[in-house]
Protein chains: 2
Amino acid sequence: MPPTADSSTQQDRNIAATFAKGMAVLEVFDGQVPALTLSEIARLTGQDRATARRGALTLVHLGYLRQDGRHFSLTPRVLTLAGGFLRAHQIGRQVQPVLNHHAAALGVEITLASRDGDHALLLAQSTAHGGPISYGFTPGSRLPLLHTSLGRMLLAGEAPDRLEGRIGEAPLTRFTEQSLTDPAQIAATVAAARQAGYVITDGEFEPGIVGIAVAVAPHAVLGSSVPRGRDGADGLDAILRGLQNCASELRLAGALSGL
Amino acid sequence: MPPTADSSTQQDRNIAATFAKGMAVLEVFDGQVPALTLSEIARLTGQDRATARRGALTLVHLGYLRQDGRHFSLTPRVLTLAGGFLRAHQIGRQVQPVLNHHAAALGVEITLASRDGDHALLLAQSTAHGGPISYGFTPGSRLPLLHTSLGRMLLAGEAPDRLEGRIGEAPLTRFTEQSLTDPAQIAATVAAARQAGYVITDGEFEPGIVGIAVAVAPHAVLGSSVPRGRDGADGLDAILRGLQNCASELRLAGALSGL
DNA sequence: ACATGTTGTGCGTTATGCGTACAATTGTCA
DNA sequence: TGACAATTGTACGCATAACGCACAACATGT
């Protein structure tokens, strides 16, 4: 065995560090602030100012960033990257119509989500039929994993042994007064979700909002949110059945096989 | 002026070539094929296989690509980049609800698009209220600029002098029998669109589909597609008025100022 | 069987990106 | 208005990190 250089000092020859640093620049544009200056980019990425500058200028050159004076902001071009994923998985053709159809029948918004790190990542979303309520999320939005029905249903699909570590580590941010803070309690809801095939959360992420989610594929879940009280107990049951029907239909279409 | 090195051999010291090459790797995943091998990536990007390999492995390391044996495919993580743009421009909070509302009132699908190079780039889309039809497009999808109502309305918003060059250069691919192929004719429709504030195309991109579009902001347009004959002449008028109302409401919200 | 096309991976070379340093600019308090 | 502080833009020497040739192992097809 050749003395593989220590992984701390020596870089992996198969990884392009410059590329990774550039992606880090792109990643700091998470939308929380509409535009960033070079110094802010450098600070947020932890890179040298000159390095951040090269990364940002390269992104401008490629058309992903716009430079207005000293402010850099994203261009719509980043959407084309997402478009590649959505097209590859036939989201527009095979998934979205199904979501729309069931959402119209139920009168609620239906969301398809997958997992990205310790967040639930929204892949697609139907619009609420007559729903005046909208939470402002879009494809690409990320929700917490531990305190949303979507996230817990995703966790329920994971291997049980990997769960405890995942739950225990997180700082367990408390979003509402009703947010569960005990890791054991959260693990219990996840276990129950795995058992039942669905999960319901009540106001743990946004107060007064009840979330309900079911599994579709190994790493894909379906969910809806409704204001508490808007639908009675049987209303939730109807939504649950609707989500399960929707999930079945998506499975039949077989478009979500690869994550 | 210092003798700036010739731009052909000497790289711009402010552009990170490795980063640009890596982005090129990411860009070839446009969704036309669900997965790519290293050789395909190298061929499509024109890079050396070793270079393409480093780029792809870096993307795997960062979580944007998945490697299954010899096949690389996109992960949902690319959506987070799009999410940054959508959140920065308040698409989910300020735009999507407006689109949904007007779409439900009109019974048609409404699409918000911007421009990316010589394509119209879909930013957001409402679902048709009772609409069984869906064209399989999603945010991030790209439509031709010359033969769609969205594209021509975008061109109508450009400076007139830059138009002729833009139209004349393109190979003028013919999508349907009704596609206009004469640059002068297309330029005339664009000029008419600028004059009237809206544009209607009939089956030039997809046969039997009528497209209608209006301008919202300097580089943003709104459009709908309906099957020919589904709505009579007054139906199209109603849709046009609805789109214009929708555009006004979006302008009032003022969320689309920066492209 | 050979021929053709993959794929993975060393490794020497040198181009390339790094970051310090300085200059120019903006903002802020007296 | 001053002078100070904190940004920003840019250049350039140096070391490193990316390049791409080359080879070997494997697959595919004629």
Chemist: With a 4.5 Å cut-off on side-chain heavy atoms, are B:Q96 and B:N100 touching?
Modeler: yes
Chemist: What is the separation between atom CZ on A:F19 and atom P on D:dA18, rounded to the nearest whole Å?
Modeler: 12 Å
Chemist: When you match A:R54 and A:A16 each to their closest nucleotide on DNA chain D, which lands nearer the 5' end?
Modeler: A:R54
Chemist: Rounded to the nearest Å, what distance is computed from the CG atom of residue B:D48 to the P atom of nucleotide C:dT13?
Modeler: 18 Å
Chemist: Are any of the side-chain heavy atoms of B:F85 and B:L123 separated by less than 4.5 Å?
Modeler: yes
Chemist: Mind checking B:A50 for me? I need base, sugar-phosphate or nothing, with any heavy atom below 4.0 Å counting as a touch.
Modeler: base
Chemist: Could you check how far CG of A:L38 sits from P of C:dT25, rounded to whole Å?
Modeler: 17 Å
Chemist: Between D:dG20 and B:T51, is there an OP1 or OP2 to side-chain N/O distance shorter than 4.0 Å?
Modeler: yes
Chemist: Between A:T37 and D:dT7, is there a side-chain N or O to OP1/OP2 distance below 4.0 Å?
Modeler: no
Chemist: What is the distance, rounded to the nearest whole Å, between atom CZ of A:R53 and atom C1' of D:dG9?
Modeler: 6 Å
Chemist: Kindly say if B:T18 contacts the phosphate of C:dG17, meaning a side-chain N or O under 4.0 Å from OP1 or OP2.
Modeler: yes
Chemist: Taking atom C1' of C:dG17 as reference, at what distance in whole Å does atom CG of A:L57 sit?
Modeler: 14 Å
Chemist: B:R53 and A:N14: side-chain donor and acceptor closer than 3.5 Å?
Modeler: yes
Chemist: Please confirm whether the shortest side-chain N or O distance from B:R49 to OP1 or OP2 of D:dG20 is below 4.0 Å.
Modeler: no
Chemist: Can you tell me if CZ on A:R66 sees more than 12 non-hydrogen neighbours from other groups inside 6.0 Å?
Modeler: no
Chemist: Can you measure B:H71 atom NE2 to C:dG8 atom C1' for me and round it to whole angstrom units?
Modeler: 16 Å
Chemist: By the 4.0 Å heavy-atom rule, please label A:R43 as base, sugar-phosphate, or nothing.
Modeler: nothing
Chemist: Which of parallel (below 30°), tilted (30 to 60°) and perpendicular (above 60°) describes B:F175 and B:H147?
Modeler: perpendicular
Chemist: B:N14 has an atom CG; how far is it from atom C1' of D:dA11, in whole Å?
Modeler: 10 Å
Chemist: Between C:dT26 atom C1' and A:R70 atom CZ, what is the distance in whole Å?
Modeler: 6 Å
Chemist: Counting only side-chain N and O atoms of B:K21, is one of them less than 4.0 Å from OP1 or OP2 of D:dA18?
Modeler: no
